[in-house]
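Every heavy atom of this structure was used, including side-chain atoms; hydrogens, water molecules and symmetry mates were not. Quick note on labels: first sequence line is chain A, next is B, and so on, each numbered from 1.
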Amino acid sequence: MPELPEVEHVVRFITPEIEGARLRGLLPLDGRGALVSHAKLVRSGQRPAALSEQLAARRVRSVRRRAKLIVIELDAGLALVIHLKITGKLWVVPEGRAVGRHDRVRIGLPRRRALVLEDMRKFGWIGLFDADGLAGLCAKLGPEPLDDAFRLPVWRAILARRPKSKIKAVLLDQAALAGVGNIYADEICHAARVSPHRRCAELAGREEAALHRSIRKILTRAVDERSGAPDQKRVGSGGTRRDWSESPVTIKVFQRHGERCPTCRRATIERSVVGTRGTHACPRCQP
DNA sequence: ACATGCACCTGGGAGC
DNA sequence: TGCTCCCAGGTGCATG
């Protein structure tokens, strides 16, 4: 599920729930007192008991997003960072609610509530970092596409650095540009009328500009449409493929192979592969 | 240095 | 119904 717009939505959704809250450490997941579902969940290296101790009594100063990372700034110069990867979801629930099969960690909040990371595929992670650790995580990330600083010359420079790569590979590369994932990469290429298989060096100047405009337009629209959704139940990833179609976000090509292209209304959307990722495009609109 | 491809997990859905 | 196979929205690392 989560690309930039979805992570942004999660951040906005949980901010009023946890800002200013004093954390109570990790809550047990089962009767035997396990604090995490599997060891690799904690990416910052602490044992679960130590992480729990370090979190206890820390206050949440603010919540923000960087690329697809959820950054929960705490006092004492610490940051609790969460990556949802593909199937992760973040909920604020009553502490007494039954622990779900895919709940990976529960962080105690005031008023007998908990911040729960649910993640079927166990790719998601959490970490508690100091300022240097957080800077290290962010150092590898490219620019934020919705920042004012992300102007056309910045985008052209990114493309110039990767002349032989397919445009979709660059859109997906978090070190080149932060926050775009497989859904919006396809949607951006379609909106820009550029085939995802095109090599960056072969793009015309107007195509570079169209991609730049589409990156901003598609992501901005998705963030805006998400903001109308009351909670994550409306933002997909409930389990079935194409759950995103129940979301309020307009999707024109992603996983719509075999359907008529909604733009030209003539050609049929085709599925192909870029790298290992399923790719969807209209052969007529995206030469 | 850069491009590619698979490994990491668990499950849903399609097809037989 | 039940089996097998294919596919899955994100990275990280090994390989060329």
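Using a 4.0 Å heavy-atom distance criterion, Arg271(A) is classed as a sugar-phosphate-only contact. When heavy atoms are screened at a 4.0 angstrom cut-off, Gly278(A) is found touching the sugar-phosphate backbone but no base atom.
When each of dT11(C), dT10(B), dG9(C) is scored by its nearest atom to the side-chain atoms of Phe254(A), the top-ranked nucleotide is dG9(C). The side chain of Ser165(A) lies closest to dA3(B) when the candidates are dA3(B), dC9(B), dT11(C). Residue Arg121(A) places its side chain closer to dC9(B) than to any other of dC9(B), dG9(C), dG11(B).
Atom P of nucleotide dG11(B) and atom NZ of Lys89(A) are separated by 13 Å, given to the nearest angstrom. Between Arg101(A) atom CZ and dT10(B) atom P there is a gap of 10 Å when expressed in whole angstrom units. Whole-Å rounding puts the Gln174(A) CD to dT11(C) P distance at 4 Å. Taking atom NE2 on His197(A) and atom P on dA3(B), their separation rounds to 17 Å, with Å as the unit. With rounding to whole Å, Arg162(A) atom CZ is found 14 Å from dA1(B) atom P. Counting to the nearest Å, the C1' atom of dC2(B) and the CZ atom of Arg161(A) are 13 Å from each other. Atom NZ in Lys122(A) sits about 13 Å away from atom P in dC8(B), given to the nearest Å. Following rounding to the nearest Å, Arg43(A) (CZ) and dC8(B) (P) show an atom-to-atom distance of 17 Å.
Listed pair His83(A) / dG10(C) fails the phosphate criterion, with no side-chain N or O lying under 4.0 Å from OP1 or OP2. Listed pair Lys166(A) / dA3(B) fails the phosphate criterion, with no side-chain N or O lying under 4.0 Å from OP1 or OP2. A close approach under 4.0 Å does not occur between any side-chain nitrogen or oxygen of His38(A) and OP1 or OP2 of dC9(B). Not one side-chain nitrogen or oxygen of Lys85(A) sits closer than 4.0 Å to the OP1 or OP2 atom of dT11(C).
Among Arg226(A), Lys85(A), Lys89(A), the single residue meeting the salt bridge (Lys or Arg N to Asp or Glu O under 4.0 Å) criterion with Glu6(A) is Arg226(A). Here the options are Leu115(A), Leu78(A), Thr15(A), Val81(A), the test is side chain to side chain contact (heavy atoms under 4.5 Å, CB included), and the partner is Ile72(A); only Leu115(A) passes. Residue Ile167(A) forms a side chain to side chain contact (heavy atoms under 4.5 Å, CB included) with just one option from Leu159(A), Val274(A), Leu172(A), and that option is Leu159(A). Just one residue in the list Arg61(A), Arg64(A), Arg65(A) forms a salt bridge (Lys or Arg N to Asp or Glu O under 4.0 Å) with Glu73(A), and that residue is Arg64(A). Screening Leu27(A), Leu117(A), Leu26(A) for a side chain to side chain contact (heavy atoms under 4.5 Å, CB included) with Arg106(A), the sole residue that qualifies is Leu27(A).
A salt bridge is absent between Arg161(A) and Asp173(A): the closest approach of a Lys/Arg side-chain nitrogen to an acidic carboxylate oxygen does not fall below 4.0 angstrom.
To the nearest whole angstrom, the two C1' atoms, one in dC7(C) and one in dC6(B), are 15 Å apart. Taking atom C1' on both dT11(C) and dG12(B), the two are 22 Å apart, rounded to the nearest angstrom. Using C1' as the reference atom, dA3(B) and dG9(C) are 23 Å apart when rounded to the nearest Å.
With centroids closer than 5.5 Å and planes inclined by less than 30 degrees as the test, Phe123(A) and the base of dC8(B) pass as a stacked pair.
When both distances must be under 3.5 Å, the Watson-Crick or G-U wobble mate of dC6(B) is dG12(C).
When each of Pro163(A) and Thr276(A) is assigned the nucleotide of DNA chain B bearing its nearest heavy atom, the one mapping closer to the 5' terminus is Pro163(A).
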